[in-house]
K.L.:
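I have a structure I would like to understand better, so I am pasting it below and will then ask my questions one at a time.
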Amino acid sequence: MRPLSRACKVFVMGRPSWDQYFMTITRQVAERSTCLRAKVGAVIVRDRSILATGYNGAPAGMPHCSEVGCLLYETHTPDGEVEQNCWRTIHAEINAIAQAARNGAMIRDADIYVTHSPCVHCLKVLVNSGMRAVFYGEAYKLHTIAELVAAAGIRLVRVEPLPGGD
């Protein structure tokens, strides 16, 4: 076997981890988002194979927020914080689960990569779907899901961005 050239060694040493690889794909999936407030993507993976993807936006065939605006409403967290949500938008995690169901992909014991940590509602669905772990890029209201993460035994892992990029 021939030794690697210096240029090749640099490339191999700079190779992204599997987690970074899937997070890069997740960010690309998020670019399809039609939400005006945040672009979120999700990729469900088992054994280093992608089972389904999803991004936040309106249900299929319905007008998108990017076309007709958001339908915002306010709720209160148990701590009394006011949150704004959109009636029209389905979160990326739910869209990925729906795609898996539509295509007959079993997702029990899979992992999900998400551009942002999940909201409490998505986390509950991920737990009930049998996900082993949630890998995320950006923290989003982690304090609202900490108790559920601990009780459910699901792993929540932040994936560091690639050096000098992302």
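Note that the numbering runs from 1 along the sequence shown for the chain.
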K.L.:
Could you measure the distance from the CZ atom of Arg32 to the CG atom of Asn56? Nearest 0.5 Å is fine.
P.N.:
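Interatomic distance, Arg32 CZ to Asn56 CG, rounded to 0.5 Å: 12.0 Å.
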K.L.:
If you take all heavy atoms of Ser33 and Ala38, which pair is closest and at what distance?
P.N.:
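Where Ser33 meets Ala38 most closely, the heavy atoms are OG-O, 3.6 Å.
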K.L.:
Other than Val68, which residues form its hydrophobic cluster under the rule that side-chain heavy atoms must be closer than 4.5 Å?
P.N.:
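Members besides Val68: none; it forms no cluster.
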K.L.:
Tyr140: which residues meet the ring-ring contact (aromatic ring centres under 6.0 Å, His included) condition with it, sequence neighbours left out?
P.N.:
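By the ring-ring contact (aromatic ring centres under 6.0 Å, His included) rule, Tyr140 matches no residue at all.
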K.L.:
Any ion pair linking Arg132 and Asp111 (charged N to carboxylate O, less than 4.0 Å)?
P.N.:
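Salt bridge: yes.
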K.L.:
Quick one: closest heavy-atom pair of Arg108 and Arg46, and the distance?
P.N.:
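Taking every non-hydrogen atom into account, O-NH2, 3.2 Å.
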K.L.:
For the SG atom of Cys119 and the CD atom of Glu93, what is their distance to the nearest 0.5 Å?
P.N.:
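If we round to the nearest 0.5 Å, Cys119:SG and Glu93:CD are 6.5 Å apart.
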K.L.:
Taking everything shown except Met106 itself, do over 12 heavy atoms lie less than 6.0 Å from its CE?
P.N.:
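Atom CE in Met106 is packed in, count exceeds 12.
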K.L.:
Taking side chain as C-beta onward, heavy atoms only, is Cys86 less than 4.5 Å from Cys35?
P.N.:
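No, every pair of side-chain atoms sits at 4.5 Å or beyond.
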K.L.:
Once you round to the nearest 0.5 Å, how far does OG1 of Thr89 lie from CZ of Arg37?
P.N.:
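One finds 7.0 Å between OG1 of Thr89 and CZ of Arg37.
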K.L.:
By the rule that ILVMFWY residues connect when side-chain heavy atoms come within less than 4.5 angstrom, directly or transitively, which residues belong alongside Tyr113?
P.N.:
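Traced through the cluster, Tyr113 reaches Trp18, Tyr21, Phe22, Met23, Ile25, Val29, Val43, Val45, Ile50, Tyr55, Phe135, Val157, Val159.
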K.L.:
Output the rest of the hydrophobic cluster of Tyr136: all Ile, Leu, Val, Met, Phe, Trp and Tyr residues reachable through side-chain heavy-atom contacts under 4.5 Å, sorted by chain and number.
P.N.:
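Result for Tyr136 is Val40, Ile44, Leu51, Ile90, Ile94, Ile97, Ile107, Ile112, Val114, Val120, Leu123, Val125, Leu126, Val127, Met131, Val134, Leu142, Ile145, Leu148, Val149, Ile154, Leu156.
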K.L.:
Distance check, rounded to the nearest 0.5 Å: Glu67 atom CD versus Leu36 atom CG?
P.N.:
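Glu67 atom CD to Leu36 atom CG measures 10.0 Å (nearest 0.5 Å).
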K.L.:
Inspect the surroundings of CZ in Arg155 and state if more than 12 heavy atoms from other residues, nucleotides or ligands are less than 6.0 Å away.
P.N.:
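No.
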K.L.:
Which ILVMFWY residues are connected to Val82, directly or by a chain of links, through side-chain heavy atoms under 4.5 Å apart?
P.N.:
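Members alongside Val82: none; it stands by itself.
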K.L.:
I need the minimum non-hydrogen distance between Pro63 and Ala58, along with the two atoms involved.
P.N.:
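That closest heavy-atom pairing would be O-CB, 3.2 Å.
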K.L.:
Tell me the closest heavy-atom pair linking His64 and Arg88, and the distance in Å.
P.N.:
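Distance-wise, the nearest heavy atoms are C-CD, 4.0 Å.
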K.L.:
Whether the side chain of Asn103 engages the backbone of Ala52 through a donor-acceptor N/O pair (distance < 3.5 Å, no angle test) should be reported.
P.N.:
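Side chain of Asn103 to backbone of Ala52, a donor-acceptor pair under 3.5 Å: no, none is there.
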K.L.:
To the closest 0.5 Å, what do you measure between NE2 (His91) and NE2 (His116)?
P.N.:
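The NE2 atom of His91 sits 11.0 Å away from the NE2 atom of His116.
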K.L.:
Apply side chain to side chain contact (heavy atoms under 4.5 Å, CB included) to Glu83 and list each qualifying residue two or more places apart in sequence or on a separate chain.
P.N.:
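Partners of Glu83 by the side chain to side chain contact (heavy atoms under 4.5 Å, CB included) criterion, ordered by chain and then number, come out as Thr75, Thr77, Asn85, Lys141.
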K.L.:
Are Tyr73 and Leu71 linked, directly or through intermediate hydrophobic residues, by side-chain heavy-atom contacts shorter than 4.5 Å (ILVMFWY only)?
P.N.:
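Linked, Leu71 and Tyr73 end up in one cluster.
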